[in-house]
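Step one of this worksheet: look at the structure below.
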Amino acid sequence: MITSKQRAELRSRANELDTTLMIGKEGITDALLSEADRQLEARELIKGKVLETAFLSAREASDELCSRLGAEGIQCVGFRFVIYRRSEKLARQTGTAKAKVKVNPVRVGAQKRRQLARQQREQRNEYFRQSAIAYAIERRRKSEEGER
């Protein structure tokens with residue numbers, strides 16, 4: 001199962017892809033399944049189109065392909081769909097086992113600033129806490145000396 005962030009990243013990568021899988025009036029055949037399997041193993045992410053002559057919708061075709069190939073449906077828009085399956089072969093070649101998620105440098109900087117502000121707040125609170133304890137001890141000592 002992939003997260004929504006990974007799904008969004010895969011959708012953005014799919015925008016640049018050409019449609020390589022066409023489903024026609026014959027529907028989902030064994031030849032189509034083997035071609036989709038080959039493409040998923042080579043690319044991990046494929047874009048398909050259901051032609052108007054087919055008796056399937058894009059959602060139905062995507063769900064059927066995903067269930068038969070062990071893939072995940074990423075997006076269905078109109079007659080087009082995008083499916084993803086992690087490829088062991090591709091993971092070995094690139095040395096990664098997950099789909100890479102882009103890091104937003106603005107967000108990283110904001111997170112670091114928030115963390116630094118939190119640390120400074122905690123230090124300031126700890127200083128005032130220790131000062132209050134020291135003042136209370138000093139006041140108690142003076143009041144005990146005054147009672148004698």
Side-chain angles (χ1 to χ4, degrees), residues 1-140:
M1 197 70 170
I2 59 176
T3 65
S4 61
K5 284 186 180 184
Q6 290 170 331
R7 188 177 306 279
E9 170 64 25
L10 290 170
R11 274 197 315 263
S12 70
R13 282 178 35 197
N15 283 336
E16 303 163 359
L17 291 178
D18 293 328
T19 303
T20 56
L21 195 65
M22 302 282 187
I23 299 176
K25 63 182 175 184
E26 294 146 5
I28 298 174
T29 62
D30 291 335
L32 182 87
L33 284 172
S34 64
E35 178 62 22
D37 186 46
R38 188 184 65 76
Q39 286 184 22
L40 282 171
E41 195 60 36
R43 298 188 187 125
E44 290 188 339
L45 189 66
I46 58 174
K47 186 186 281 189
K49 180 178 180 180
V50 178
L51 301 177
E52 292 179 16
T53 58
F55 297 109
L56 294 170
S57 69
R59 172 69 64 192
E60 292 169 342
S62 173
D63 290 345
E64 181 68 24
L65 284 171
C66 289
S67 66
R68 285 187 170 182
L69 297 173
E72 292 204 41
I74 301 299
Q75 182 179 29
C76 283
V77 177
F79 292 107
R80 298 187 192 279
F81 61 90
V82 178
I83 59 176
Y84 168 79
R85 182 180 70 190
R86 196 181 94 203
S87 169
E88 296 297 329
K89 177 182 169 186
L90 201 59
R92 282 193 302 267
Q93 288 175 353
T94 60
T96 60
K98 283 186 170 180
K100 290 186 179 178
V101 176
K102 292 180 185 175
V103 176
N104 184 347
V106 174
R107 185 175 183 184
V108 170
Q111 288 174 340
K112 285 182 181 179
R113 285 191 299 276
R114 282 194 298 267
Q115 184 180 14
L116 181 62
R118 188 180 314 117
Q119 288 173 351
Q120 289 173 345
R121 240 185 349 264
E122 288 172 0
Q123 288 174 349
R124 187 174 53 242
N125 289 343
E126 184 61 27
Y127 169 78
F128 286 122
R129 196 175 301 120
Q130 293 299 327
S131 296
I133 291 171
Y135 179 74
I137 290 172
E138 184 65 29
R139 196 171 61 197
R140 177 179 266 175

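Below, all heavy atoms of this structure are taken into account, side chains as well, without hydrogens, waters or symmetry copies.
For the atom pair CZ of R59 and CD of Q75, the computed distance is 9.5 Å after rounding to the nearest 0.5 Å. For the atom pair D63 CG and S57 OG, the distance stands at 8.0 Å (nearest 0.5 Å). Note that the CD1 atom of I74 and the CD1 atom of I2 stand 3.5 Å from one another [nearest 0.5 Å]. The structure places CG of L56 at 8.0 Å from CD of E64, a figure rounded to the nearest 0.5 Å. To the nearest 0.5 Å, atom OG of residue S4 and atom CD of residue Q6 are 9.0 Å apart. Atom CZ of residue R80 and atom NZ of residue K49 lie 4.5 Å apart, to the nearest 0.5 angstrom.
Remark: the backbone N or O of Y84 is not paired with any side-chain donor or acceptor of E72 at under 3.5 angstrom. Side chain of R85 to backbone of L69: a donor-acceptor contact under 3.5 angstrom is found. With hydrogens and angles disregarded, a donor-acceptor distance shorter than 3.5 Å links the side chain of K47 to the backbone of A14.
Smallest separation of non-hydrogen atoms from A61 and I23: CB-CD1, 3.6 Å. Nearest heavy atoms, K25 versus F55: O-CD1, 4.3 Å. Nearest heavy atom pair, residue S87 against residue L40, reads CB-O, 3.8 Å. Annotation for I83 and S62: closest pair CG2-OG, 3.7 Å, computed over non-hydrogen atoms. Minimum interatomic distance between L10 and L45 (heavy atoms only, all atoms of both residues): O-CD2, 3.6 Å. When all heavy atoms of A58 and G78 are compared, the pair lying nearest together is CB-O, 3.4 Å.
Ionic pairing of R124 and E122 is not present here: no N-O contact between side-chain nitrogen and carboxylate oxygen is shorter than 4.0 angstrom. Remark: R38 does not engage E41 in a salt bridge, criterion side-chain N to carboxylate O under 4.0 Å.
Side-chain polar atoms of E126 and Q130 form a donor-acceptor pair below 3.5 angstrom.
Other residues, nucleotides and ligands contribute at most 12 non-hydrogen atoms within 6.0 Å of the CD atom of E26. Annotation for E138: atom CD counts as buried by contact number, over 12 foreign heavy atoms lying within 6.0 Å. Atom CG of N104 sits in a crowded spot, with more than 12 heavy atoms from other residues, nucleotides or ligands closer than 6.0 Å.
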Start with the C-alpha distance between Q115 and Q111, add both sets of side-chain angles, then the distance that settles side-chain hydrogen bond (donor to acceptor under 3.5 Å, both in side chains), and finish with yes or no. CA-CA 6 Å; Q115 184 180 14; Q111 288 174 340; over 6 Å; no
Assess whether side chain to side chain contact (heavy atoms under 4.5 Å, CB included) is satisfied between Y135 and S131, documenting all intermediate values. CA-CA 6 Å; Y135 179 74; S131 296; over 6 Å; no
One pair to check against side chain to side chain contact (heavy atoms under 4.5 Å, CB included): E9 and K5. What are the steps and the verdict? CA-CA 6 Å; E9 170 64 25; K5 284 186 180 184; over 6 Å; no
Begin from the C-alpha positions of E35 and Q39 and carry the test side-chain hydrogen bond (donor to acceptor under 3.5 Å, both in side chains) through to its verdict. CA-CA 6 Å; E35 178 62 22; Q39 286 184 22; 2.9 Å; yes
Please step through side chain to side chain contact (heavy atoms under 4.5 Å, CB included) for the pair L17 and R43, ending with a clear verdict. CA-CA 11 Å; L17 291 178; R43 298 188 187 125; 5.6 Å; no
